[in-house]
S.K.: 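Let me give you the structure first, and then I'll get to my questions.
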Amino acid sequence: MKYKIKNKNIIIKSNNDFNPKHIFECGQAFRWKREEDNSYTCVAKGRVINIFQSNDEIVFSNTNEEDFNNIWIDYFDLKTDYNNIKKELSLEKTIKDAVDYGYGIRILNQEKFETIISFIISANNQIPRIKKSIEIISKNYGEFIENFRGQDYFSFPSAENLSKVSVEELREVARVGFRDKRIIETSKLIANNDFSIKESVNLNSEELRKELERLPGVGPKVASCIMLFSYGRSETFPVDVWIKRVMEELYIKKETNIKLIGKYASEIFGDLAGYAQQYLFYYGRENAIGKL
DNA sequence: TGCCAGGGGTTCA
DNA sequence: TGAACCCCTGGC
C-alpha cells in the first residue's frame with residue numbers, strides 16, 4: 001500500500017475508487033460525522049480518524065503510520081482493487097450507471113459486535129434514529145476515546161459491558177424501542193460465548209448465516225448486512241426495502257418478493273453481489289426511487 | 001396544532 | 001402468512 005506522510009497526515013491517491021462521501025453514505029456504517037469542511041470523522045477500533053478528500057488525494061488525519069498500517073488499511077479495505085471490481089460489474093449494462101455514480105464506494109471491514117448490534121437496531125427504523133441510538137449506547141456504556149474538534153468520542157461497548165445493562169434502562173436511555181430485549185439478549189449470548197465471534201469467522205457463509213440468525217433480532221436481512229460489512233463475505237446481497245425497489249425498477253420490472261430478488265442478484269452478480277448491492281443502494285437512495 | 005403514516009425487519013401467533 | 005412492534009419525523 002503506497003502512501004506518503006505530510007504534516008503528520010497519511011496521504012494516498014484516491015485512484016478514482018476512494019470517495020469519503022460514497023463510503024460513509026452508502027448505508028454500511030453509522031458512526032461517522034460529516035464536518036463543515038466536508039471531511040468525515042469516524043470512530044472505529046477505539047480510534048477517531050478524520051478523512052478529507054483534496055483533488056485526487058485522500059488525507060487521513062488524527063492518526064499515525066502505525067495505526068494506518070495495523071488498522072486502517074484493513075478497515076478501509078485498501079488492498080482490494082475496486083477499479084477491477086467496477087470493471088467486471090460494468091460488463092452488465094444496467095448496473096453501469098450505479099457504479100459510475102458511486103465510483104468511490106468501498107466496503108468497510110467493521111467490528112463484528114458493533115455491526116451485529118447496529119443492524120439489530122436498524123430493523124424497521126430510520127437512519128438518523130439508528131445513528132442516534134448507537135451514539136447514545138457508546139457514550140453511556142463505551143469508553144471515552146478523545147475530544148476531536150470539540151466533540152467527545154466514545155468506543156462502542158464490549159458485549160460484556162452491554163450485557164450487564166438492564167432492558168428497561170437501555171430502552172429508556174437509548175430510545176431503541178422494542179429492540180431493547182434483542183440487544184441485551186444478543187449481548188448476553190455473545191458475552192457468555194454461546195455465540196463465539198472468534199470461532200464464527202471460520203464458518204462458511206451458509207453456516208455463518210444460520211449461526212447469526214440464532215441471535216435475537218437477527219433475521220435474513222440483518223444477517224446479510226453483518227456478513228457483508230464485518231465478515232468480508234462479499235458475495236452476500238442484503239435485500240432491504242430500498243434494494244427491493246431498485247431491483248424491481250431496474251431489473252425485474254414488476255413487484256416481486258425478497259427471496260426472488262436475492263436469487264436474481266446472485267445469478268447476475270455472482271461473487272460480486274455485495275459490491276453490486278452497495279452501488280445500487282447508494283444510487284437508488286441518492287436519486288430517490290421513481291426518478292431512475 | 002394535531003393526527004397519521006411509515007420506516008435498513010423480526011417475531012410471534 | 002400477517003399483524004404488531006417503540007419511537008420519531010415529515011406531510012397534511
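Residue numbering restarts at 1 for every chain, and letters A, B, ... go by the order of the sequence lines.
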S.K.: So, A:K181 and A:E185, do they make that salt bridge, N to O below 4.0 Å?
M.R.: no
S.K.: Could I get the full list of side-chain hydrogen bond (donor to acceptor under 3.5 Å, both in side chains) partners for A:N62, not counting sequence neighbours?
M.R.: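 Counting only residues at least two positions away or on another chain, A:N62 forms a side-chain hydrogen bond (donor to acceptor under 3.5 Å, both in side chains) with A:E146.
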S.K.: Could A:K112 and A:Y231 be counted as a cation-pi pair, given that NZ or CZ must be under 6.0 Å from the ring centre and within 45° of the axis?
M.R.: yes
S.K.: Whole-Å distance between B:dG7 C1' and A:I121 CD1?
M.R.: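 Interatomic distance, CD1 of A:I121 to C1' of B:dG7: 15 Å.
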S.K.: Kindly write out the residues that satisfy side-chain contact (heavy atoms from CB on, under 4.5 Å) with A:T236, not counting sequence neighbours, or none if the list is empty.
M.R.: A:R209, A:S224, A:M227, A:L228, A:R233
S.K.: Can you list the stems that include DNA chain C, where a stem is three or more consecutive Watson-Crick or G-U pairs with distances under 3.5 Å?
M.R.: B:2-7 with C:7-12, B:9-13 with C:1-5
S.K.: Quantified in whole Å, what is the P atom distance between nucleotide B:dA5 and nucleotide C:dA3?
M.R.: 15 Å
S.K.: Enumerate the residues from residues 106-119 of chain A whose closest heavy atom to DNA chain C is under 4.0 Å, giving them by residue number; use none for an empty result.
M.R.: none
S.K.: Taking only heavy atoms on the protein side, list every residue of residues 251-278 of chain A lying under 4.0 Å from any atom of DNA chain B, sorted numerically.
M.R.: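 When residues 251-278 of chain A is checked for heavy atoms under 4.0 Å from DNA chain B, there are no hits whatsoever.
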S.K.: Give a yes or no on whether a salt bridge exists between A:D240 and A:R285, defined as a side-chain N under 4.0 angstrom from a carboxylate O.
M.R.: no
S.K.: Looking at residues 208-233 of chain A, who's got a heavy atom less than 4.0 Å off DNA chain B?
M.R.: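 Hits under 4.0 Å, by residue number: A:L215, A:P216, A:G217, A:V218, A:G219, A:P220, A:K221, A:V222.
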S.K.: Please confirm whether A:F269 and A:Y275 have ring centers closer than 6.0 angstrom.
M.R.: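 Not under 6.0 Å, so no.
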S.K.: Going by side-chain contact (heavy atoms from CB on, under 4.5 Å), name the residues that satisfy it together with A:D74, two or more places apart in sequence or in a different chain.
M.R.: A:K45, A:N109
S.K.: Do any pairs count as a salt bridge (Lys or Arg N to Asp or Glu O under 4.0 Å) and have a residue in residues 2-11 of chain A, sequence neighbours left out, and if so which ones?
M.R.: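 Listed once each, the pairs are A:K4-A:E57.
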S.K.: A:F60 and A:Y3: aromatic ring centres closer than 6.0 Å?
M.R.: no
S.K.: Ring centres of A:F30 and A:F119 under 6.0 Å apart?
M.R.: yes
S.K.: Under the rule for side-chain hydrogen bond (donor to acceptor under 3.5 Å, both in side chains), what residues qualify as partners of A:E211, not counting sequence neighbours?
M.R.: A:R214
S.K.: Can you list the residues that meet the side-chain hydrogen bond (donor to acceptor under 3.5 Å, both in side chains) rule with A:N19, with sequence neighbours excluded?
M.R.: A:Y103
S.K.: Can you check each nucleotide of nucleotides 6-12 of chain C against protein heavy atoms at under 4.0 Å and return B for base, S for sugar-phosphate only, - for none, in 5' to 3' order?
M.R.: BBB----
S.K.: Before accepting this row, confirm whether a basic side-chain N of the pair A:E160/A:K164 lies closer than 4.0 Å to the acidic partner's carboxylate O.
M.R.: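 Answer for the salt bridge query: no.
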S.K.: With A:R182, which residues qualify under side-chain hydrogen bond (donor to acceptor under 3.5 Å, both in side chains), at least two apart?
M.R.: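 If we apply the side-chain hydrogen bond (donor to acceptor under 3.5 Å, both in side chains) test to A:R182, skipping adjacent residues, there are no hits.
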S.K.: Got a salt bridge between A:D17 and A:K86, using NZ or NE/NH1/NH2 to carboxylate O under 4.0 Å?
M.R.: no
S.K.: When all nucleic acid strands are considered with a 4.0 Å heavy-atom cut-off, which category describes A:I120: base, sugar-phosphate, or nothing?
M.R.: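 Answer is nothing: A:I120 stays at 4.0 Å or more from every strand.
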